[in-house]
Every structure is written in structure tokens, then in C-alpha cells.
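Here is the structure we will look at, set down as C-alpha cells.
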Amino acid sequence: MSKQNHPYHMVEMSPWPLVGAMSTMLTMMGLVKFFQQTSMVIMMTGMLMTLLTMMQWWRDVVREGTYQGLHTKVVIKGLRWGMILFIVSEVLFFISFFWAFFHSSLSPTVQIGSMWPPNGILPFNPMQIPLLNTIILLTSGVTVTWAHHSMLNNNFKEMNQSLMITIMMGIYFTMLQTYEYIEASFTISDSIYGSTFFMATGFHGLHVIIGTTFLMVCMLRQMNLHFSKYHHVGFEAAAWYWHFVDVVWLFLYVSVYWWGN
């Protein structure tokens with residue numbers, strides 16, 4: 001019964017789906033308690049459990065693909081399609097924010113002064129930090145592509161260099177976004193403009209942090225020789241995700257920062 005005559009990966013019993021669901025539920029319950037009673041204990045416990053579950057679950061996936069040889073060509077094809085469908089779901093997620101933004105901006109109601117931006121809102125200058133962040137993300141898209149091509153050419157020194165540059169740009173973007181939020185003249189509760197602005201750019205910023213972490217894990221795996229020109233689906237997924245983050249930011253910059261200004 002131990003011999004496998006098919007290319008598929010029959011996943012063994014794992015505690016992580018159940019533990020992940022429980023920790024996510026605990027996080028959401030803690031978030032409600034935080035909103036109602038300003039107590040963060042349950043929320044932080046749930047977030048810590050979720051983080052630990054993610055680390056150990058993905059550790060197992062890395063072991064299955066790198067050391068146990070369970071990621072055959074058929075399995076890798078499935079992983080690629082899974083990542084593609086995940087990115088499609090993320091696209092639809094951001095479309096909801098753009099829908100809310102354009103619905104409110106193309107026909108501003110009398111409650112916000114029948115104008116856009118609403119009366120009393122001082123928006124950001126798109127030629128300052130937003131433009132710099134655009135240049136940073138576009139450049140990081142070039143460097144992560146450089147890293148991918150370096151891997152395909154077995155040039156691991158250049159791959160390490162370009163991947164490190166991409167990670168540094170992701171961190172720099174997050175720092176500038178944080179500074180922009182601190183200096184903002186409006187908040188998320190300032191009319192529909194503040195709500196749509198901080199929801200769209202805030203979730204994008206969260207995706208940048210996740211993408212940067214994704215690339216940092218790939219960097220660590222690369223230093224431990226987990227990748228080759230024929231076996232690098234993990235890095236490929238990270239690169240796709242980073243390009244998705246780049247494209248979303250372009251739409252955010254053009255519509256929210258520039259046109260919506």
C-alpha cells in the first residue's frame with residue numbers, strides 16, 4: 001500500500017486546517033471584543049495562533065516539495081492554477097473598493113456637498129509621495145523579473161542581489177505609506193472619501209507587507225538552495241503576487257490619487 005502509481009499528492013492528515021479555522025474564528029471574536037470593549041487580549045491571541053499555524057503549515061508544504069519530492073509536474077501545475085485563481089479572487093476583492101470609489105465620486109451626493117473630493121477634505125498631492133511610491137513599485141517589478149530570469153539562467157548571485165533589492169523596495173514603500181498616513185489631514189471616518197481611500201490603500205499596503213514577507217521567505221529558501229531552474233514554483237508564485245500588487249497600485253494611483261484629486 002506504500003507504493004504510489006500516480007503523480008498526484010494525496011495529502012496526509014494534518015491538524016493545520018482545523019487549528020487555522022479555530023484561530024481565525026478566535027481572531028474575529030477578539031476583533032469584535034476590541035471594538036466593543038477595547039480589549040485586545042483575545043484578538044492578539046488569535047492572531048498569534050494564526051501566524052504560528054501559517055508558519056508550520058507552509059513549513060510542511062516546503063518539506064513536501066523540497067525534501068520529500070511530492071511536488072510532481074502534475075502537482076506543480078495544480079499549485080500554479082491555485083495561485084492564479086487566488087490572484088483572480090484578489091482582483092475581485094479590490095474591484096469592490098474601486099466600485100465604491102467611482103460610485104461615490106462620479107455622482108457625489110448632497111450629504112458630502114455635491115462635490116469630489118468632499119468639502120473640507122484636503123487630498124494628497126499625487127506628485128509627491130504617491131508618485132515616489134509608484135516609481136518604487138514599478139522598479140521593484142523590474143527587479144523581481146530580473147531575479148526570475150537570473151534563476152532560469154542559474155545565476156544565483158544576481159538572483160540574490162535582485163531579490164534583496166526588491167525586498168528593500170517593498171520595505172521602503174511601506175515606510176513611505178506609513179509616513180503618508182501619519183501626515184494625512186483626514187481619517188477613515190471623514191465621509192465616504194476617507195473610508196474608500198483608507199480601505200483601498202490600506203488593504204493594498206497590507207498586500208505589500210504580505211508580498212514582502214513572501215519574497216523574504218523565498219530569499220531564505222534560496223540561501224538554503226531550495227530552488228533550481230526546474231523547481232521554483234514557490235518563487236514563481238511570489239513573483240506573480242508581487243506583479244499583482246504593482247498593477248493594483250497603478251490603478252490606485254491613477255484613479256484615487258490623481259483622477260480622484
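Please read all numbers here as calculations on a predicted model, not as lab measurements.
No side-chain heavy atom of Phe251 sits under 4.5 Å from any side-chain heavy atom of Val256. Two residues are said to be in side-chain contact when any heavy atoms from C-beta on lie closer than 4.5 Å; Tyr181 and Gln177 meet this criterion. Counting only heavy atoms from C-beta outward, the side chains of Glu236 and Trp240 approach each other to under 4.5 Å. At least one side-chain heavy atom of Val208 sits under 4.5 Å from a side-chain heavy atom of His204. Proximity of Lys33 to Val41: side-chain heavy atoms (C-beta onward) are nowhere separated by under 4.5 Å. Proximity of Thr53 to Thr24: side-chain heavy atoms (C-beta onward) are nowhere separated by under 4.5 Å. Using a 4.5 Å heavy-atom cutoff, the side chains of Met44 and Met47 are in contact. Residues Asn133 and Tyr253 have side chains not in contact (no heavy-atom distance under 4.5 Å, counting atoms from C-beta outward).
For Met115, the CE atom counts as densely surrounded, since its 6.0 Å shell holds more than 12 non-hydrogen atoms of other residues, nucleotides or ligands. Counting non-hydrogen atoms of neighbouring residues, nucleotides and ligands closer than 6.0 angstrom, the CD atom of Gln68 exceeds 12 such neighbours.
For the atom pair NZ (Lys77) and CG (Leu79), the distance works out to 12.5 Å, reported to the nearest 0.5 Å. Within the model, atoms CE of Met219 and CE of Met164 stand 4.0 Å from one another, a figure rounded to the nearest 0.5 Å. Once rounded to the nearest 0.5 Å, the distance linking OG1 of Thr145 with NE2 of His148 reads 9.0 Å. Taking CG of Asp190 as the reference point, atom CG of Leu122 lies at 11.5 Å (rounded to 0.5 Å). Rounding to the nearest 0.5 Å places CG of Leu220 at 11.0 Å from CG of Leu163. The line from CE of Met159 to CG of Asn154 is 11.0 Å long, rounded to the nearest 0.5 Å.
Heavy atoms only, all atoms of each residue included: Lys229 and Leu152 are closest at CE-O, 3.4 Å. Of all the heavy atoms in Tyr241 and Ile87, the pair that sits closest is N-CD1, 4.1 Å. Nearest heavy-atom pair across Tyr179 and Ile129 is CD2-CD1, 3.3 Å. Between Ala237 and Met83, the shortest heavy-atom contact is O-CE, 3.6 Å. For Ser162 against Trp146, the heavy-atom pair with the smallest separation is CB-CE3, 3.2 Å. The heavy-atom pair separating Phe98 from Val248 by the smallest distance is CZ-O, 4.2 Å.
Ring geometry for Phe227 versus Phe235: interplanar angle of 30 to 60°, hence tilted.
Checked by atom type, the side-chain pair Ser140/Trp242 shows a donor-acceptor distance below 3.5 Å.
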Report task. Begin from the C-alpha positions of Phe203 and Met199 and carry the test side chain to side chain contact (heavy atoms under 4.5 Å, CB included) through to its verdict. Result -> CA-CA 6 Å; Phe203 269 110; Met199 285 293 288; 3.5 Å; yes

Query - Worked verdict on Phe102 versus Trp259 for side chain to side chain contact (heavy atoms under 4.5 Å, CB included) - result: CA-CA 10 Å; Phe102 283 112; Trp259 180 86; 3.7 Å; yes

Requested in this report: Before giving the answer on side chain to side chain contact (heavy atoms under 4.5 Å, CB included), spell out for Leu138 and Leu250 the whole-Å C-alpha distance, their side-chain angles and the decisive distance to 0.1 Å.
Outcome: CA-CA 9 Å; Leu138 289 177; Leu250 284 177; 3.9 Å; yes

Requested in this report: Please report the C-alpha distance between Trp249 and Tyr257 in whole Å, then the side-chain angles of each, then the deciding distance to 0.1 Å, and finally whether the ring-ring contact (aromatic ring centres under 6.0 Å, His included) criterion is met.
Outcome: CA-CA 10 Å; Trp249 176 258; Tyr257 284 100; 5.5 Å; yes

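With hydrogens and angles ignored, the 3.5 Å screen pairs a side-chain donor or acceptor of Thr72 with a backbone N or O of Pro7. A donor-acceptor contact shorter than 3.5 Å is absent between the side chain of Ser23 and the backbone of Gly46.
Each of Phe124, Phe101, Phe97, Trp116 was compared with Phe197 under the ring pair (Phe, Tyr, Trp, His ring centres under 6.0 Å) criterion, and only Phe124 meets it.
Both Phe173 and Met168 belong to a common hydrophobic cluster when Ile, Leu, Val, Met, Phe, Trp and Tyr are linked at side-chain heavy-atom distances under 4.5 angstrom.
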